[in-house]
Amino acid sequence: MWSTLHLQTMTPVFNSDGDLRQAEIRVPSLRGGMRVWLRAMAGVLVGDQLHRLRRIEDRVLGATDHASPIRLRICRQPDGVYRPSPDFLADPVHNKWIGYLLGPGLTTRSDGATHLASAYVPAGKDFKLQVRLVGDDHDAQQCALAALWLSLTYGGIGARTRRGFGAVRITGTEGPLPEKGWLATDLNTPDLDHYSRARYLWPSGPAEAAMLALSRIAAKVGATGIHHWDSAPTYPVLSKKYTLAAVNGGEASRSWQDALALAGRELRYFRAEVDYEKRGPKTLGWEEVIKGDEVELPMAALGLPLIYDKGNEVHVSEGEEKLRRASPLWLRPVGADHSWRLFSFAFLNKFLPGKDQKVHVWKDRQRGKELTVNTEHAHALVKEWIGTLARGDTFTREDPRFR
């Protein structure tokens with residue numbers, strides 16, 4: 001029997017099969033998010049025992065030789081649109097700062113404005129996700145649903161989810177759930193009050209209800225009890241010590257667009273560190289590291305690679321292989337109607353978990369000087385960001401020319 005989850009997009013979803021003129025909600029993208037958040041749950045129990053983590057993941061979400069006990073399908077897709085100048089970028093302030101968050105991969109610049117280069121599913125679209133629980137592995141089914149709930153409560157679907165896009169909420173449930181005693185409303189995405197109370201990410205709601213089931217699965221692979229990390233985890237883990245979260249203080253935003261525009265403006269000035277009155281914010285990284293002799297580049301801990309002008313790039317690599325390091329900082333507009341906040345959270349895990357991973361400046365495909373970017377930089381940056389916004393403070397200048 002199929003159960004139905006009623007979902008609604010909160011911000012534009014940039015998700016496709018590779019055709020930038022078509023957008024849809026892809027089940028593989030949902031499953032990818034579920035794997036990330038299942039690992040975050042399981043890390044509470046298995047620690048850095050990655051072979052045990054993989055066995056839990058295989059049981060709950062399936063592997064090449066083992067079908068998942070949960071099936072997902074979307075019978076009718078919400079309408080996607082391809083519109084280079086959408087309504088949510090019509091306002092000049094939204095165009096500038098939401099455009100900044102979208103980044104060059106999803107946008108183009110012409111005539112002094114940002115235009116979309118990709119189709120999207122607009123905010124406010126309702127659709128149905130059908131779920132079928134297969135077999136009698138109720139523990140795995142419960143953990144899979146908990147991972148789905150976490151993914152949609154804190155993450156999202158598609159591109160730029162760490163910058164607030166692809167946010168989707170569960171608004172209702174029809175059909176059976178894996179354990180007696182669960183209510184249909186248990187899976188609903190929480191309201192603004194939930195995010196306003198959050199100071200860290202720890203199992204709550206369906207994730208908290210699933211931890212006993214997850215502990216039984218973990219015990220089967222040799223992990224018993226809670227694992228207490230004595231240093232920063234090597235991957236994102238739900239933790240009272242190694243996560244940080246808060247909504248922004250001050251006046252609430254009136255729309256998700258206002259919340260993301262605020263995020264874009266604050267992030268640009270946070271990353272800039274230098275503000276030239278005529279040319280706008282510029283980065284110390286460009287002035288002192290790329291063009292100068294400095295080798296310490298803390299802002300690179302907000303995600304790599306960094307692409308600068310004139311063929312200059314900053315990459316993390318292991319040997320000759322260039323790698324990516326995702327930002328530890330996640331942004332999500334939360335709220336409804338005319339009351340929205342920016343919810344920021346971070347996983348305080350190791351920035352470069354591999355012992356042979358190094359960061360270098362590259363120019364015209366040639367590796368240049370090695371840079372200093374480390375876990376301490378990453379943690380200090382996200383603590384400064386979350387703490388400053390939670391107090392209702394700002395990183396921008398008071399001069400309205402820089403708003």
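Worth saying up front: this structure is predicted, and the values here are computed from it rather than measured. Along the sequence shown, the residues carry numbers beginning at 1.
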Trainee: Take a 6.0 Å sphere around CZ of Arg31 and say whether it holds more than 12 heavy atoms from other residues, nucleotides or ligands.
Mentor: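 Counting neighbours around CZ of Arg31, more than 12 heavy atoms of other residues, nucleotides or ligands fall under 6.0 Å, so yes.
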Trainee: Which residues pass the salt bridge (Lys or Arg N to Asp or Glu O under 4.0 Å) test with Glu320, sequence neighbours left out?
Mentor: Arg367
Trainee: Would you please name every residue forming a salt bridge (Lys or Arg N to Asp or Glu O under 4.0 Å) with Arg199, sequence neighbours left out?
Mentor: none
Trainee: Is there a donor-acceptor contact under 3.5 Å from the side chain of Arg59 to the main chain of Gly62?
Mentor: no
Trainee: Just checking Asp136: does its CG atom have more than 12 heavy atoms from other residues, nucleotides or ligands closer to it than 6.0 angstrom?
Mentor: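 At most 12 heavy atoms, drawn from other residues, nucleotides or ligands, come within 6.0 Å of this atom.
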Trainee: For the CG atom of Leu260 and the NE2 atom of His94, what is their distance to the nearest 0.5 Å?
Mentor: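 Rounded to the nearest 0.5 Å, the CG-NE2 separation comes to 9.0 Å.
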Trainee: Applying side-chain hydrogen bond (donor to acceptor under 3.5 Å, both in side chains), can you list everything that pairs with His360, at least two apart in sequence or on another chain?
Mentor: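 Here no residue qualifies.
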Trainee: Using atom types as modelled and distance alone, determine if a side-chain donor or acceptor of Thr161 lies under 3.5 Å from a backbone N or O of Ile157.
Mentor: no
Trainee: I need the Leu101 CG to Leu106 CG distance, nearest 0.5 Å.
Mentor: 11.0 Å
Trainee: Would you please indicate if the ring centroids of Phe347 and Trp37 are separated by under 6.0 Å?
Mentor: yes
Trainee: Any chance you could measure Gln357, atom CD, to His315, atom NE2, to the nearest 0.5 Å?
Mentor: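 It comes to 14.5 Å.
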Trainee: Counting only heavy atoms not in Asp193, do more than 12 fall under 6.0 Å of its CG?
Mentor: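 Yes, enclosed.
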Trainee: Are any side-chain N or O atoms of Asn374 and backbone N or O atoms of Glu376, one a donor and one an acceptor, separated by less than 3.5 Å?
Mentor: yes
Trainee: Would you say the side chain of Trp286 lies within less than 4.5 Å of the side chain of Asp309, judging by non-hydrogen atoms?
Mentor: yes
Trainee: Under the rule for side-chain hydrogen bond (donor to acceptor under 3.5 Å, both in side chains), what residues qualify as partners of His379, not counting sequence neighbours?
Mentor: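 Partners of His379 by the side-chain hydrogen bond (donor to acceptor under 3.5 Å, both in side chains) criterion come out as none, since no residue qualifies.
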Trainee: Report the residues that fulfil side-chain hydrogen bond (donor to acceptor under 3.5 Å, both in side chains) with Gln130, sequence neighbours left out, ordered by chain and then residue number.
Mentor: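 With sequence neighbours excluded, Gln130 shows a side-chain hydrogen bond (donor to acceptor under 3.5 Å, both in side chains) to Arg73, given in chain and number order.
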Trainee: How long is the straight-line distance from NZ of Lys369 back to CD1 of Ile290, given to the nearest 0.5 Å?
Mentor: 7.0 Å
Trainee: Sort out for me which residue in Leu212, Leu214, Ile217 forms a side chain to side chain contact (heavy atoms under 4.5 Å, CB included) with Asp139.
Mentor: Ile217
Trainee: Are the side chains of Arg71 and Trp2 in contact, using a 4.5 Å heavy-atom criterion?
Mentor: yes
Trainee: May I ask you to test the Ser151-Leu30 pair for a side-chain heavy-atom distance under 4.5 Å?
Mentor: no
Trainee: May I have the list of side-chain donor-acceptor pairs in residues 224-238 shorter than 3.5 Å, sequence neighbours left out?
Mentor:
residue, atom, partner, partner atom, Å
Trp229, NE1, Gly43, O, 3.2
Tyr235, OH, Gly47, O, 2.6

Trainee: Under 3.5 Å, sequence neighbours excluded: what are the donor-acceptor pairs made by side chains of residues 240-251?
Mentor:
residue, atom, partner, partner atom, Å
Thr243, OG1, Leu201, N, 2.8
Thr243, OG1, Ser239, O, 2.4
Asn248, OD1, Leu342, N, 2.7

Trainee: For Asp87, which residues count as a side-chain hydrogen bond (donor to acceptor under 3.5 Å, both in side chains) partner, sequence neighbours excluded?
Mentor: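 Expected list: none.
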Trainee: Can you tell if the side chain of Glu174 reaches within under 4.5 Å of the side chain of Lys128, non-hydrogen atoms only?
Mentor: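 No, their side chains stay 4.5 Å or more apart.
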Trainee: Is the backbone N or O of Lys310 less than 3.5 Å from a side-chain atom of Lys363, with the two atoms forming a donor-acceptor pair by type?
Mentor: yes
Trainee: I'd like to know if the side chain of Lys96 reaches the main chain of Arg265, judged simply by a donor and an acceptor atom lying under 3.5 Å from each other, with no hydrogens or angles considered.
Mentor: no
Trainee: First locate atom CG of Asn312, then atom CD1 of Ile307, and finally report the distance between them rounded to the nearest 0.5 Å.
Mentor: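 Here the rounded value is 10.0 Å.
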Trainee: For Gly18, is there any backbone N or O sitting under 3.5 Å from a side-chain donor or acceptor partner on Ser16?
Mentor: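 Confirmed, Ser16 side chain pairs with Gly18 backbone.
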Trainee: Please table the atom pairs, donor to acceptor, closer than 3.5 Å between any side-chain atom in residues 19-28 and protein atoms at least two apart or in another chain.
Mentor:
residue, atom, partner, partner atom, Å
Asp19, OD1, Arg21, N, 3.0

Trainee: Which residues pass the salt bridge (Lys or Arg N to Asp or Glu O under 4.0 Å) test with Asp393, not counting sequence neighbours?
Mentor: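 Partners of Asp393 by the salt bridge (Lys or Arg N to Asp or Glu O under 4.0 Å) criterion, ordered by chain and then number, come out as Arg391.
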Trainee: Between Asn95 and Pro92, is there a side-chain heavy-atom distance shorter than 4.5 Å?
Mentor: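 No, their side chains stay 4.5 Å or more apart.
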Trainee: For Phe395 and Phe270, I'd like to know if the aromatic rings sit close, meaning centre-to-centre distance below 6.0 Å.
Mentor: yes
Trainee: Which label fits Tyr269 and Trp97: parallel for a plane angle under 30°, tilted from 30 to 60°, or perpendicular past 60°?
Mentor: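 Tyr269 vs Trp97 ring planes: tilted.
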Trainee: Show every donor-acceptor pair shorter than 3.5 Å between a side-chain atom in residues 322-333 and any protein atom, with sequence neighbours excluded, or say none if there are none.
Mentor:
residue, atom, partner, partner atom, Å
Arg325, NE, Phe351, O, 2.5
Arg325, NH2, Lys350, O, 3.3
Arg325, NH2, Phe351, O, 2.8
Ser327, OG, Arg163, NH2, 3.1
Ser327, OG, Leu302, O, 3.1
Ser327, OG, Leu329, N, 3.1
Ser327, OG, Leu329, O, 3.4
Arg332, NE, Thr153, O, 3.3
Arg332, NH1, Leu152, O, 3.4
Arg332, NH1, Gly155, O, 2.8
Arg332, NH2, Leu152, O, 2.9

Trainee: Taking side chain as C-beta onward, heavy atoms only, is Val221 less than 4.5 Å from Gln49?
Mentor: no
Trainee: OG of Ser68 to CD of Gln141: how many Å apart, nearest 0.5 Å?
Mentor: 9.0 Å
Trainee: Please check this pair: side chain of Asp91 against backbone of Val93, looking for a donor-acceptor N/O pair closer than 3.5 Å.
Mentor: yes
Trainee: Is the NZ atom of Lys220 crowded by more than 12 outside heavy atoms at less than 6.0 Å?
Mentor: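 No, NZ of Lys220 has 12 or fewer neighbouring heavy atoms, counting only those of other groups under 6.0 Å.
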Trainee: Please evaluate residues Thr114 and Ile98 with respect to the criterion side chain to side chain contact (heavy atoms under 4.5 Å, CB included), reporting the C-alpha separation (whole Å), side-chain torsions for both, the decisive distance (0.1 Å), and the verdict.
Mentor: CA-CA 9 Å; Thr114 296; Ile98 295 177; over 6 Å; no
Trainee: Which residues pass the salt bridge (Lys or Arg N to Asp or Glu O under 4.0 Å) test with Arg35, not counting sequence neighbours?
Mentor: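 With sequence neighbours excluded, Arg35 shows a salt bridge (Lys or Arg N to Asp or Glu O under 4.0 Å) to Glu57, given in chain and number order.
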Trainee: For a 4.5 angstrom cut-off between non-hydrogen side-chain atoms, does Val121 reach Asn15?
Mentor: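 No - every pair of side-chain heavy atoms lies 4.5 Å or more apart.
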Trainee: Quick check: does any side chain N or O of Trp362 sit under 3.5 Å from a backbone N or O of Gly368, one acting as donor and the other as acceptor?
Mentor: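 Between the backbone of Gly368 and the side chain of Trp362 there is no qualifying donor-acceptor contact (under 3.5 Å).
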Trainee: Which of parallel (below 30°), tilted (30 to 60°) and perpendicular (above 60°) describes Phe88 and Trp256?
Mentor: tilted
Trainee: Tell me, do Val13 and Lys125 make a side-chain contact under 4.5 Å, heavy atoms counted?
Mentor: no
